[in-house]
Amino acid sequence: MGRDGGVEGSTFDTLETNLQVRNGLCDIKNMLVKKTVGEKTYQASARGIVPSRALEVDNPEELNDYEQIRLEISLDNADLSLLPALSKQVDWAMGPTQGNLLITGTAAHPHFDGNVLLTDGAVKLKALKLPLTKMSAKIVFNGNQMTVKDFFGTMGEGSYDGSGRLELDGLTPLHYAFDFRASGLEVQSSFFTGPLDGEIHLSEGKLFDREMPKLSGQLDLHDCTVSVPSIPDTEGELPDMILDLQLNVGKKVHFYSSYLYDMYLKGAVHFGGTTHHPKTSGQVEVARGGTVSYLKTPFKIRQGVAYFNQVGSFLPSIDFVADTTVGRTKIYLYLHGPLGAMETRLDSSSSLSQTEIMQVLTLGSDYAAGNSTLTAGDMLSLGLQMTVLSELENAVRKVMFLDYFSVHRGGPMSDFVSTSSESNGRDDEYSIEVGKYVTRKLMLKFSQSIGGKHKQRYGVEYNFDDRFSLVFEQEGSESIVGFTGRIQF
């Protein structure tokens with residue numbers, strides 16, 4: 001008997017085993033695992049025989065009954081707390097399970113009979129902040145067939161449900177079909193936060209007379225924040241399967257990174273082909289004015305579209321045009337080409353070279369005054385902006401529930417520059433800017449200057465649609481009324 005054991009962070013209180021090995025036969029008299037959670041003790045047990053012949057021969061029909069496996073597993077009063085031992089992706093798990101399972105046949109061609117029942121379980125995945133709760137499932141085994149029913153649960157304010165079936169040929173899936181549906185599932189991860197709606201189906205498929213798994217369905221994104229995740233450390237490649245997935249990008253899909261971009265997106269993308277040779281179609285565009293940062297300088301996006309048209313790749317081609325004003329210099333940023341091999345080009349209203357434009361972005365108005373030397377202090381300032389300030393912006397935006405928050409060098413960002421703004425740019429000036437949508441189309445804006453002659457600027461912006469907006473801004477005694485539009489030819 002063992003006490004206080006465990007596997008990869010999953011623990012048990014006691015393990016009792018009574019078995020006998022003789023003449024090629026392993027006779028498990030009794031194996032009992034116990035774990036106490038709170039005031040209740042959960043346990044799982046197994047008993048039966050495992051002949052050595054059943055480990056050597058594939059086909060059960062070649063063996064007599066006494067030469068085949070006969071193992072009885074009881075999950076009555078068991079618990080999910082041992083689940084982390086089966087997967088490194090599980091942080092913790094809990095919840096009572098019930099059921100009995102009879103395993104016969106051989107190791108290569110086992111037969112399963114019985115059922116497993118889960119009621120009111122909970123599982124915390126390491127990649128997600130919120131656990132799956134109120135989990136229920138019933139799995140029925142009948143020979144080489146498995147049926148999943150009454151499969152449902154919740155995450156946050158949303159829920160999921162599903163069903164499925166599986167037929168095995170030995171240990172190889174022969175026929176299968178699984179359905180999963182999400183309704184407002186509250187997902188919180190490092191790259192996606194918000195409700196998830198949609199349905200996913202895994203079934204048998206056929207492509208060019210080749211039978212393969214097929215993953216189909218659609219996901220609807222809305223009222224969420226998305227950022228591009230880092231490339232995970234995975235071994236091998238994705239399993240080869242047929243794809244027929246539709247991704248719909250609806251209202252209030254916020255594409256945000258504290259270092260790079262802040263924009264709202266809309267559109268639709270279809271993923272076809274296979275995981276090894278994908279065929280994508282559709283596009284996603286910037287729904288209304290957003291920003292993209294370059295050298296910690298925010299550029300207002302005038303045109304932004306991601307075309308999913310690359311052959312054999314899930315990544316889109318980018319076509320972005322954005323601009324900003326530093327002092328009296330208008331600088332344009334062009335991003336074009338496939339993501340991962342994208343061309344970045346800078347231009348200006350003063351016909352400056354690429355190097356000169358980068359010095360303007362780095363040194364601000366100081367370059368226009370003739371001081372074009374990049375000092376250690378300038379590099380330190382730029383580094384602090386790209387790291388510390390970016391993290392601060394992200395934290396403040398979340399705590400204060402803002403749609404826009406930025407700390408950047410220079411005067412206030414605006415499509416319309418007042419007379420005082422043109423004449424008072426300073427290299428030691430910083431601006432704090434906030435924005436909040438009070439309705440779906442109306443944003444309140446405010447900016448405060450630090451270290452310069454700008455004081456405060458406040459205003460409102462009303463978006464008629466994704467192309468046209470009306471702006472009113474007030475700075476001191478000066479009022480600015482403007483109209484912006486985006487027309488593609």
Side-chain angles (χ1 to χ4, degrees), residues 182 184-198 218-230 245-271 278 280-294 298-310 313-323 333-340 342 344 390 393-394 397-398 401-406 413 435-437 439-443 461-469 484-488:
L185 203 62
E186 193 173 339
V187 179
Q188 295 185 18
S189 68
S190 59
F191 61 91
F192 182 92
T193 301
L196 187 64
D197 293 277
Q218 77 171 43
L219 294 177
D220 299 316
L221 304 185
H222 60 90
D223 303 288
C224 60
T225 299
V226 184
S227 62
V228 175
S230 58
L245 289 171
Q246 179 74 17
L247 177 64
N248 299 318
V249 183
K251 65 177 183 177
K252 293 186 179 179
V253 177
H254 192 191
F255 199 54
Y256 179 80
S257 166
S258 59
Y259 296 91
L260 298 174
Y261 42 77
D262 184 355
M263 63 191 80
Y264 285 85
L265 304 178
K266 69 173 185 178
V269 182
H270 183 265
F271 298 95
T280 61
S281 61
Q283 68 181 50
V284 175
E285 61 182 295
V286 179
R288 52 176 177 254
T291 62
V292 59
S293 294
Y294 187 72
F299 286 75
K300 298 203 76 172
I301 298 173
R302 304 305 178 185
Q303 174 182 321
V305 185
Y307 300 99
F308 287 80
N309 56 5
Q310 293 196 70
S313 175
F314 290 103
L315 300 179
S317 296
I318 300 296
D319 189 6
F320 268 52
V321 180
D323 61 59
L333 174 65
Y334 301 92
L335 305 175
H336 181 73
L339 193 65
M342 190 170 50
T344 302
S390 293
E393 289 172 0
N394 190 27
R397 185 184 66 85
K398 290 182 178 180
F401 301 99
L402 297 172
D403 294 298
Y404 180 76
F405 181 82
S406 176
M413 272 190 74
K436 175 67 178 178
Y437 278 98
T439 69
R440 187 170 179 270
K441 295 185 176 183
L442 182 64
M443 173 184 268
E461 179 177 329
Y462 184 82
N463 300 291
F464 295 100
D465 52 31
D466 295 329
R467 296 181 301 163
F468 302 103
S469 60
T484 64
R486 183 180 67 185
I487 302 175
Q488 291 181 279

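Residues take their numbers from the sequence shown, with the count starting at 1.
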- Step-by-step side-chain contact (heavy atoms from CB on, under 4.5 Å) determination, Leu219 to Leu245: CA-CA 8 Å; Leu219 294 177; Leu245 289 171; over 6 Å; no

- Message: I'd like to know whether Phe255 forms a side-chain contact (heavy atoms from CB on, under 4.5 Å) with Val286, so could you lay out the CA-CA distance, the side-chain angles of the two residues, the decisive distance to 0.1 Å, and finally the verdict.
- Response: CA-CA 9 Å; Phe255 199 54; Val286 179; over 6 Å; no

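Across all their heavy atoms, Asp223 and Pro195 have their closest contact at O-CD, 3.3 Å. Here the shortest heavy-atom pairing between Ala287 and Lys266 reads CB-CG, 4.1 Å. Between Ile318 and Ala306, the closest heavy-atom pair is CD1-CB, 3.9 Å. Looking at every heavy atom in both residues, Phe299 comes nearest to Tyr294 through CE1-CB, 3.8 Å. Across all non-hydrogen atoms, the minimal contact from Ser313 to Thr280 is O-CG2, 3.7 Å. Between Glu461 and Ser469 the shortest heavy-atom distance is OE2-OG, 4.0 Å.
Interatomic distance, Leu247 CG to Gln218 CD, rounded to the nearest 0.5 Å: 9.5 Å. In this structure, CG in Leu265 is found 9.5 Å from CD in Glu285, a value given to the nearest 0.5 Å. In this structure, Ile301 CD1 and Thr291 OG1 are separated by 6.5 Å, a value rounded to the nearest 0.5 Å. Annotation: the span from Gln188 atom CD to Thr225 atom OG1 amounts to 10.5 Å, rounded to 0.5 Å. Atom CZ of Arg302 sits about 11.5 Å away from atom OH of Tyr334, to the nearest 0.5 Å. Note that the CD atom of Glu186 and the SG atom of Cys224 stand 12.5 Å from one another [nearest 0.5 Å].
Classified by interplanar angle (parallel below 30°, tilted 30° to 60°, perpendicular above 60°), the ring pair Phe314/Phe271 is tilted. Aromatic ring pairs are classed by plane angle as parallel below 30°, tilted from 30° to 60° and perpendicular above 60°; the pair Tyr264 and His254 is parallel.
Here the side chain of Gln310 pairs a donor or acceptor atom with the backbone of Leu315 at under 3.5 angstrom. Of the possible donor and acceptor atoms, one in the side chain of Asp197 sits under 3.5 Å from a partner among the backbone N and O of Gly184.
In this structure, Phe191 and Ser227 have side chains that are in contact, with non-hydrogen atoms separated by less than 4.5 Å. Side-chain contact between Phe192 and Leu221 is present, with at least one heavy-atom pair separated by less than 4.5 Å.
In this structure, Lys436 places its NZ atom where more than 12 heavy-atom neighbours from other residues, nucleotides or ligands lie under 6.0 Å away.
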